[in-house]
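Letters A, B, ... are given to chains in the order of the sequence lines, protein chains preceding strands, and every chain is numbered from 1. Just so it is clear, the structure is predicted and the values come from calculations on it, not from any experiment. The figures here come from the full heavy-atom set of this structure, side chains too, leaving out hydrogens, waters and symmetry mates.
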Amino acid sequence: MYDDSEAEAYIMLLLSDSNLPTGSFVASSGLESYVKHGFASSSPGADVSTVNFVRDSLESYSRSAIPFVSDAHRAVAQFATNLGESTIMGKDGDEGYNDILKILTEIDELYQVMTLNHVARRASMSQGVALLTLYSKGFSQPPSLSAFSGEEPQEQETRIRKLVDLFKLKVRKEEVSGHLPICWGVLTAALGLSLERSQYLHLFLHARSLLSASVRLNDLGPYGAQQILLHAVRPLVAAEAARCRDLQTGLYVNPSEDFDETTLGPANTWPLGEILAGRHDLQHSRIFNS
Amino acid sequence: MQVPLVSRIHAGGGRIAVSLHADKSVLSELSSAYPLKLLSPSNQDATAIVYLLTYGGGLVGGDEVNLRVDVGSGARLILLSQGTTKVFKTRPGRRLASIRVEHSAVASRDDNAPFTTKQSFDFHLADNGLLLLLPEPLTCFRDAFYNQYQRFHIQDNASAVILDWITSGRLALGEDWAFSHHHSVNEIFHNGRRIAKDVILLENTTELNLKIPSRSLQERLRPYSCYAMLILVGPQVQSIITAITHKYDQLSVFKTRSPAPLIWSVSPIDAGKAGVIIRVAGMESEAVKEWLKDALRGLERIIGVDVYRRAFP
């Protein structure tokens, strides 16, 4: 047995692998369009313009997506806790699946109607379903490896796995869109990552994928991107994570709480980025999907 | 100090109801209370016209406007304003109005409330109704704190054109995105189902920490000084949607050295069945207005040239 924090650190290492669908080989989140439209040219250098883009994009993305990451994570974490109790009480869990799937669907539907940019919607859906596939294919334990972990999968784990499979099936049947922030919340809760780490890692990966895109666009060199990631992005991610920690979608507000949508709800903070991201497909030549 | 119940209910409240009577859209109800003012030119036609105004030409911190609009089955309503809707942090010069004095006495108990300006609009469109919400842009002055919530409840084959736009301030006074906070929600329901919710938050945030100065709104939104959001939804505006989408699909972007004076984007909402959302940004608000006038010209065939000219002279 290893302790929880070591397990969490190990999961974070696995999820930060740039080869996973969390990395950016297809998505530039509007950066390619931003450069193409001449918005990077006014800065003194490519490093400054890239950092500016990362800042504006990260701020808007965290304000609009973190509420959904958080609500999906909380719902699945709550489901996991209740599972433990209901098995003690000997209750059948099938009802529980329907309830949690309904909640995740509602969260996903709200993200769908609030993401009013077809390019971002498309990218978010393809990355979302990739994460669910990653979980079922990349994180499941085949019998041949059970000797190494020294543990049989516990009942709770089995049932969370079933939940993710059921959600993925709904995405495949197009009953739900399966957007990236919701799938990220589901995946990280299923893997036992705390909400705080899940939020932080999600923002870090968004920033890192922008820098990878910048390298691929030949605006930054790989060493320059690494320098920015270490020196500039770290405080930005920390600050955004702190600022967006308590945001919610507003769908499941505790009546005792005083929820003010204007301070705690999801919002787009960068309409310029929204226009440029939406214009991605108009580029005469392009290398990214978004 | 207790605010008298009557003034608390009615301050900033308004009500518009339009119904169809023998091919004419008749205003069956039109009422408002300070600081909101609703005016309609007397001529009754197929399209009812209402101007949304505010006393003193603007709203100040503490003002709260609540408007409910009902567009009956088959009726048409165009909502306009005269000049930009201005939002001040405080009202320039002291005005004598008993309601205001009572309001600020209550508001001062809360630190933020005296500076917050709120507008809340609820629109209910019955089957085959048409709403054209085409006000002049909003202008938030230095340090203004503004929240706006617009909900649209659309039944069956009702249609709507929704314009929500903002300029960067009083350029003559050197204001360029110098307000404090602007939060605008446009939420659309079709037969009770939410099909779009646009939430824009523009805020000159306080510093994240001592090491990194925040990016100001002006830095994030430049070189543009006007941003518009336009939603078109419903069968009556399908030909306009088709024309705009076609024009958009013809665009081809090549690498440029500097940003264009005006850019726009179009995205379908609700998988393209219901409508589109259009965003426009321009260095000059007049150019954005010209763009809108051109894009929406198809409305002339529905409401007539004269009514269209009221929105876009």
Novice: So which part of Arg63(A) gets closer than 4.5 Å to some heavy atom of chain B, the side chain, the backbone, both or neither?
Specialist: side chain

Novice: With chain B as the partner, which of Gly265(A), Ser33(A), Ala267(A), Ser285(A) has the greatest number of non-hydrogen pairs under 4.5 Å?
Specialist: Ala267(A)

Novice: With a 4.5 angstrom heavy-atom cut-off, could you sort out which part of Asn147(B) is near chain A: side chain, backbone, both or neither?
Specialist: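 Looking at Asn147(B), just its side chain touches chain A.
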
Novice: Flag the pair Glu219(B) / Asn52(A) as yes when at least one side-chain heavy-atom distance between them is below 4.5 Å, and no otherwise.
Specialist: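 Not in contact.
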
Novice: When rounded to the nearest 0.5 angstrom, what is the spacing between NZ in Lys36(A) and CZ in Phe254(B)?
Specialist: 9.0 Å

Novice: Any donor-acceptor pair under 3.5 Å linking the side chain of Ser267(B) with the backbone of His118(A)?
Specialist: yes

Novice: Does the Thr256(B) side chain pair with the main chain of His37(A), one donor and one acceptor, at a distance under 3.5 Å?
Specialist: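 Here the side-chain-to-backbone pair exists.
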
Novice: Can you tell me if CD on Glu261(A) sees more than 12 non-hydrogen neighbours from other groups inside 6.0 Å?
Specialist: yes

Novice: Let me confirm one number: the CG-CZ distance from Leu58(A) to Arg215(B), rounded to the nearest 0.5 Å.
Specialist: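 Leu58(A) atom CG to Arg215(B) atom CZ measures 12.5 Å (nearest 0.5 Å).
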
Novice: State the CZ-CD distance between Arg194(B) and Glu109(A), to the nearest 0.5 angstrom.
Specialist: 9.5 Å

Novice: Can you measure from CD1 (Ile200(B)) to OG (Ser64(A)) and round to the nearest 0.5 angstrom?
Specialist: 10.0 Å

Novice: Checking Leu251(B) against chain A: side chain, backbone, both or neither under 4.5 Å from a heavy atom?
Specialist: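 Answer is both: backbone and side chain atoms of Leu251(B) are under 4.5 Å from chain A.
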
Novice: For Thr269(A) and Arg220(B), work out which heavy atoms get closest and say how close.
Specialist: O-NH1, 3.6 Å

Novice: Grab the two heavy atoms, one from Arg55(A) and one from Ser214(B), that are nearest each other, plus how far apart they are.
Specialist: NH2-CA, 3.8 Å

Novice: Looking at Leu282(A), Leu110(A), Asp56(A), which has the largest count of heavy-atom pairs under 4.5 Å with chain B?
Specialist: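 Most heavy-atom pairs within the cutoff with chain B belong to Leu282(A).
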
Novice: Verify the neighbour count for atom CD of Glu286(B): are there more than 12 heavy atoms of other residues, nucleotides or ligands below 6.0 Å?
Specialist: no

Novice: Might you confirm whether atom CG of Asp260(A) has over 12 heavy atoms from other residues, nucleotides or ligands at distances under 6.0 Å?
Specialist: yes

Novice: With heavy-atom distances below 4.5 Å as the criterion, would you say the side chains of Asn117(A) and Ser265(B) are in contact?
Specialist: no

Novice: How long is the gap from CG on Asp198(B) to OG1 on Thr115(A), to the nearest 0.5 Å?
Specialist: 10.5 Å

Novice: Could you tell me if the side chain of Val35(A) sits less than 4.5 Å from the side chain of Lys255(B), heavy atoms only?
Specialist: yes

Novice: Can you see which heavy atom on Trp264(B) is nearest to which on Arg279(A), and at what distance?
Specialist: O-NH1, 2.7 Å

Novice: Sort Val280(B) into side chain, backbone, both or neither according to what part of it lies under 4.5 angstrom from a heavy atom of chain A.
Specialist: backbone

Novice: Show the nearest heavy-atom pair for residues Tyr248(B) and Gly278(A), with the distance to one decimal.
Specialist: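 That closest heavy-atom pairing would be OH-O, 3.1 Å.
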
Novice: For the CD atom on Gln226(A), are there more than 12 heavy atoms of other groups (residues, nucleotides or ligands in this structure) within a distance under 6.0 Å?
Specialist: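 At most 12 heavy atoms, drawn from other residues, nucleotides or ligands, come within 6.0 Å of this atom.
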
Novice: Mind checking whether Leu116(A) and Arg279(B) have side chains closer than 4.5 Å, heavy atoms only?
Specialist: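 Counting from C-beta outward, Leu116(A) and Arg279(B) do come under 4.5 Å.
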
Novice: For the side chain of Arg257(B) and the backbone of Gly38(A), is there at least one donor-acceptor N/O pair under 3.5 Å apart?
Specialist: no

Novice: Should the heavy atoms of other residues, nucleotides or ligands under 6.0 Å from NZ of Lys118(B) be counted, would the total exceed 12?
Specialist: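 Counting other residues, nucleotides and ligands, NZ of Lys118(B) stays at 12 neighbours or fewer.
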
Novice: Could you tell me the separation between the CD atom of Glu203(B) and the CD atom of Glu59(A), rounded to the nearest 0.5 Å?
Specialist: 8.5 Å

Novice: Where do Tyr227(B) and Leu272(A) come nearest, in terms of heavy atoms and distance?
Specialist: OH-CB, 3.3 Å

Novice: With only heavy atoms counted, which part of Tyr224(B) is less than 4.5 Å from chain A, the side chain, the backbone, both or neither?
Specialist: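 Only the side chain of Tyr224(B) comes within 4.5 Å of chain A.
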
Novice: Considering only heavy atoms and a distance below 4.5 Å, find which of Ile263(B), Ile277(B), Leu202(B) pairs most often with chain A.
Specialist: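 Highest number of heavy-atom pairs under 4.5 Å: Ile263(B).
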
Novice: Which atoms of Ile195(B) come close to chain A, meaning under 4.5 Å heavy atom to heavy atom: side chain ones, backbone ones, both, or neither?
Specialist: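 The backbone, not the side chain.
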
